[in-house]
Number of protein chains: 2
Amino acid sequence: MKPPPAGAGPGRAATIYEVARLAGVSHQTVSRYMADPSKLKAATSEKVERAMAELNYTPNLTARSLRTRSTYRLLALVPGASPYFPSRMLTGAAAAAQDAGYHLDVVALEGSGPDRTERLRRILDGGPFAGALSFVPLAGTDLLQAQERIPVVVAGEYDDQMRGQGRMSDGSAAGSIVAHLAALGHRRIAHIAGPQEWPAARNRLRVYRQAVQEAGLEDGGVAEAEWNAASGYAAAQTLVADRSITAIFAANDQLAVGAIRALHEEGRRVPDDVSVVGWDDHPESAFLVPSLTTVHMDLEAQGSHAMKQLLAALKPGRTPPPEPGTAGMRLVLRESSGPAPRAPGQTSLEA
Amino acid sequence: MKPPPAGAGPGRAATIYEVARLAGVSHQTVSRYMADPSKLKAATSEKVERAMAELNYTPNLTARSLRTRSTYRLLALVPGASPYFPSRMLTGAAAAAQDAGYHLDVVALEGSGPDRTERLRRILDGGPFAGALSFVPLAGTDLLQAQERIPVVVAGEYDDQMRGQGRMSDGSAAGSIVAHLAALGHRRIAHIAGPQEWPAARNRLRVYRQAVQEAGLEDGGVAEAEWNAASGYAAAQTLVADRSITAIFAANDQLAVGAIRALHEEGRRVPDDVSVVGWDDHPESAFLVPSLTTVHMDLEAQGSHAMKQLLAALKPGRTPPPEPGTAGMRLVLRESSGPAPRAPGQTSLEA
DNA sequence: CCGCCTTTTGTTATCGATCACATAATGGAG
DNA sequence: CTCCATTATGTGATCGATAACAAAAGGCGG
């Protein structure tokens with residue numbers, strides 16, 4: 001319970017009192033300098049500045065927090081269940097937080113339902129956080145409870161004006177996928193959707209359905225799955241029964257891997273018999289056999305952007321940064337998608 | 001006179017003064033209760049306990065830190081370059097830290113050399129950390145500089161008695177891999193090693209070499225690579241020239257994916273012509289085509305274990321937890337490894 | 001029952017910053 | 001040149017915990 005002193009360096013760090021004495025002013029003047037140097041007389045301001053530089057002063061954030069009842073700590077909620085949650089997104093967010101002088105605590109939020117609500121409550125009780133950034137979709141009650149206390153931004157979630165916070169949850173690239181498949185001659189395609197509590201999963205599904213209809217294609221069915229290969233495998237097994245389906249759009253690359261495996265076990269070749277498209281462009285996806293047609297995302301930028309939204313929410317004065325649109329999201333064509341077979345659904349009869 | 005704060009409003013958290021008043025003792029007694037309840041008379045202790053429960057008291061860590069000049073913040077250094085650093089390892093560590101009442105800050109450590117040393121210095125200056133857990137190998141100078149200030153544990157690194165801190169860096173399963181390949185009739189095998197500044201990569205290589213020799217096999221060569229598929233692909237391209245190599249052991253699953261791709265492009269089938277074995281057992285690896293023979297690791301337990309070592313280092317009294325050995329590390333046999341071809345190196349002449 | 005030592009509890013100071021208020025310095029209008 | 005509103009600076013209190021020291025309570029031999 002009692003950690004040893006930190007930073008037992010060469011002498012203790014300087015305090016405002018030492019700075020004040022050296023500058024020949026009161027400690028409060030030093031404090032004012034930090035709040036807003038322009039409110040001091042230029043001469044005073046300069047004296048303080050010099051003293052600070054000489055003593056190599058850095059403010060004690062602990063003391064400041066105690067007095068102001070604010071903290072410089074933010075909370076990052078990451079999915080505990082998703083074993084390979086892209087850490088780039090997290091490091092992007094962490095970097096943005098640190099640039100703003102905040103520290104980012106990581107907590108894995110596992111499970112679901114009341115269990116998770118309880119866990120969230122305990123975390124929020126544990127220490128005062130200035131805000132929270134969640135990479136996990138939060139149920140309505142969780143969110144309300146959390147937001148009673150601190151600003152919460154759910155990456156890829158909607159803001160309170162119900163404008164989608166673009167980027168992470170933007171599903172528009174699903175339109176490109178459908179168009180790509182249609183251009184290759186596919187007529188009947190299917191979708192393996194992610195967990196529908198994730199806005200990103202919902203948007204991909206929504207855009208998929210709309211695009212299929214607009215392109216005049218047949219919807220071969222939608223199977224919902226978790227964000228992992230095992231679940232994609234299981235979902236695809238239900239879809240492969242319909243041999244007239246010649247293309248599958250999976251909501252992420254892991255699902256696509258599982259789907260390809262399921263097709264392989266059914267003796268159906270990718271892309272000769274069935275095309276498969278993923279989403280996320282994992283670094284491995286270009287090296288799979290077949291390499292995966294997918295949607296590239298700049299995960300680090302997305303994490304950083306989500307954090308900037310949170311930081312903006314912490315300062316009531318400032319407005320959130322403008323939505324940078326879908327930059328960095330683009331369809332990458334690789335081997336797993338190809339022309340529809342000549343006689344769709346008849347591959348087994350060709351021999 | 002210093003009366004306790006006016007009203008224990010439902011909004012603000014209770015303080016020791018309020019607890020003390022309710023329990024009919026002094027605030028210092030409450031403080032003592034938290035330090036060690038057994039030092040109080042049983043009756044007093046119980047009164048405090050009841051008051052705490054009634055007020056739902058949680059100590060203000062900020063105030064405590066200010067007085068004790070200590071912090072409850074730990075630093076987690078994760079590789080910024082590795083896009084899919086297993087976040088499970090991180091969440092395991094975070095959970096262990098939180099159980100001990102610490103908060104874990106995440107920082108991505110990118111680049112290398114003096115650049116990185118500078119970045120590390122800035123981070124350590126930024127706020128007082130009680131300790132640091134690095135998932136990145138630290139160069140000698142970085143490490144020394146950091147350890148001057150706070151305890152540092154590098155996951156998978158050696159401790160100061162040069163006992164390997166087992167688990168993460170344990171390479172013994174490489175022996176199982178070589179034995180497995182030898183049993184399948186392979187005579188000449190190769191290794192794609194990870195970056196040699198990582199102890200885990202060095203140990204896998206070391207055990208590989210030793211096992212190859214002991215099994216009386218031929219070492220077909222070692223290619224060093226980064227921890228990603230692209231690098232595994234490039235490394236394998238140099239190895240496939242030697243067509244007498246019938247098996248490749250890659251230091252992790254991503255490298256194996258890259259290697260399989262390179263073999264595929266050379267027209268060599270896996271496992272019919274060449275067997276490939278990975279390490280880590282990514283959740284996707286079971287669903288690849290071919291599914292990957294690999295070494296399963298319990299990443300979350302490893303992260304948690306590394307954190308426990310750090311926590312032990314923070315309390316000079318306690319000794320580090322016993323090394324739990326290689327539990328959870330085991331070879332998983334799948335499709336990517338199979339019997340050596342009848343006429344090794346002659347596959348292209350069979351037709 | 002006293003005195004002395006040990007255990008238990010209470011009182012006041014302190015960590016390093018900001019806040020609230022008091023006071024000194026400045027500046028423009030009359 | 002005075003007066004008063006403004007601006008700039010200083011003084012003391014405060015956040016919530018622990019540290020240091022003081023005092024009270026309990027135990028035991030003589």
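These numbers come from a predicted model, not from an experiment. A note on names: the letters A, B, ... follow the listed sequences, proteins ahead of strands, and every chain is numbered from 1.
Contact annotation for Thr44(B): backbone-only contact, meaning every heavy-atom pair under 4.0 Å involves sugar-phosphate atoms and none involves a base. At a threshold of 4.0 angstrom between heavy atoms, the contacts of Tyr57(B) are confined to the sugar-phosphate backbone, with no base atom among them.
His27(A) contributes no side-chain N or O that forms a donor-acceptor pair with the base of dT9(D) under 3.5 Å. The base of dG16(C) does not come close enough to the side chain of Arg69(B) for any donor and acceptor atom to sit less than 3.5 Å apart. Taking only distance into account, the side chain of Arg67(B) never meets the base of dG16(C) through a donor-acceptor pair shorter than 3.5 Å.
Minimum interatomic distance between Ser45(A) and Pro37(A) (heavy atoms only, all atoms of both residues): OG-O, 4.0 Å.
Rounded to whole Å, the distance from CG on Leu40(A) to P on dA24(C) is 19 Å. If you take CG of Leu66(B) and P of dG16(D), they are 12 Å apart, rounded to a whole angstrom. For Gln28(A) and dC19(C), the CD to C1' distance is 7 Å, given to the nearest whole Å. Counting to the nearest Å, the C1' atom of dT14(D) and the CG atom of Asn60(B) are 13 Å from each other. The nearest whole Å value for the distance from the CD1 atom in Ile16(A) to the P atom in dT9(D) is 16 Å. As rounded to whole Å, 11 Å separates atom C1' of dT11(D) from atom CZ of Arg32(A). Between the C1' atom of dG10(D) and the NZ atom of Lys41(A) lies a distance of 14 Å, rounded to the nearest Å. Rounded to whole Å, the distance from CE on Met34(B) to P on dG16(D) is 14 Å.
The closest side-chain heavy-atom distance from Tyr33(B) to Lys47(B) is not below 4.5 Å. No side-chain heavy atom of Val78(A) sits under 4.5 Å from any side-chain heavy atom of Val107(A).
Set against dG16(D), dT8(C), dG10(D), the side chain of Tyr17(B) has dG16(D) as its closest nucleotide. Picking from dT11(C), dG16(D), dA17(C) the nucleotide with the shortest atom distance to the side chain of Ala63(A) gives dA17(C). You'll find that the side chain of Pro59(A) is closest to dA17(C), out of dA17(D), dC19(C), dA17(C).
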Could you please spell out the steps behind the ring pair (Phe, Tyr, Trp, His ring centres under 6.0 Å) verdict for Tyr17(B) and His27(B)? CA-CA 5 Å; Tyr17(B) 295 96; His27(B) 71 273; 4.7 Å; yes

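Under 4.0 angstrom from either OP1 or OP2 of dT11(D) there lies no side-chain N or O belonging to Ser26(A). Contact check, Thr29(B) against dG10(C): a side-chain N or O comes under 4.0 Å of OP1 or OP2. Not one side-chain nitrogen or oxygen of Thr15(A) sits closer than 4.0 Å to the OP1 or OP2 atom of dG16(C).
A donor atom on one side chain and an acceptor atom on the other are not found under 3.5 Å apart for Ser65(A) and Thr62(A).
Mapping Val30(A) and Ser45(B) onto DNA chain C by nearest heavy atom places Ser45(B) closer to the 5' end of the strand.
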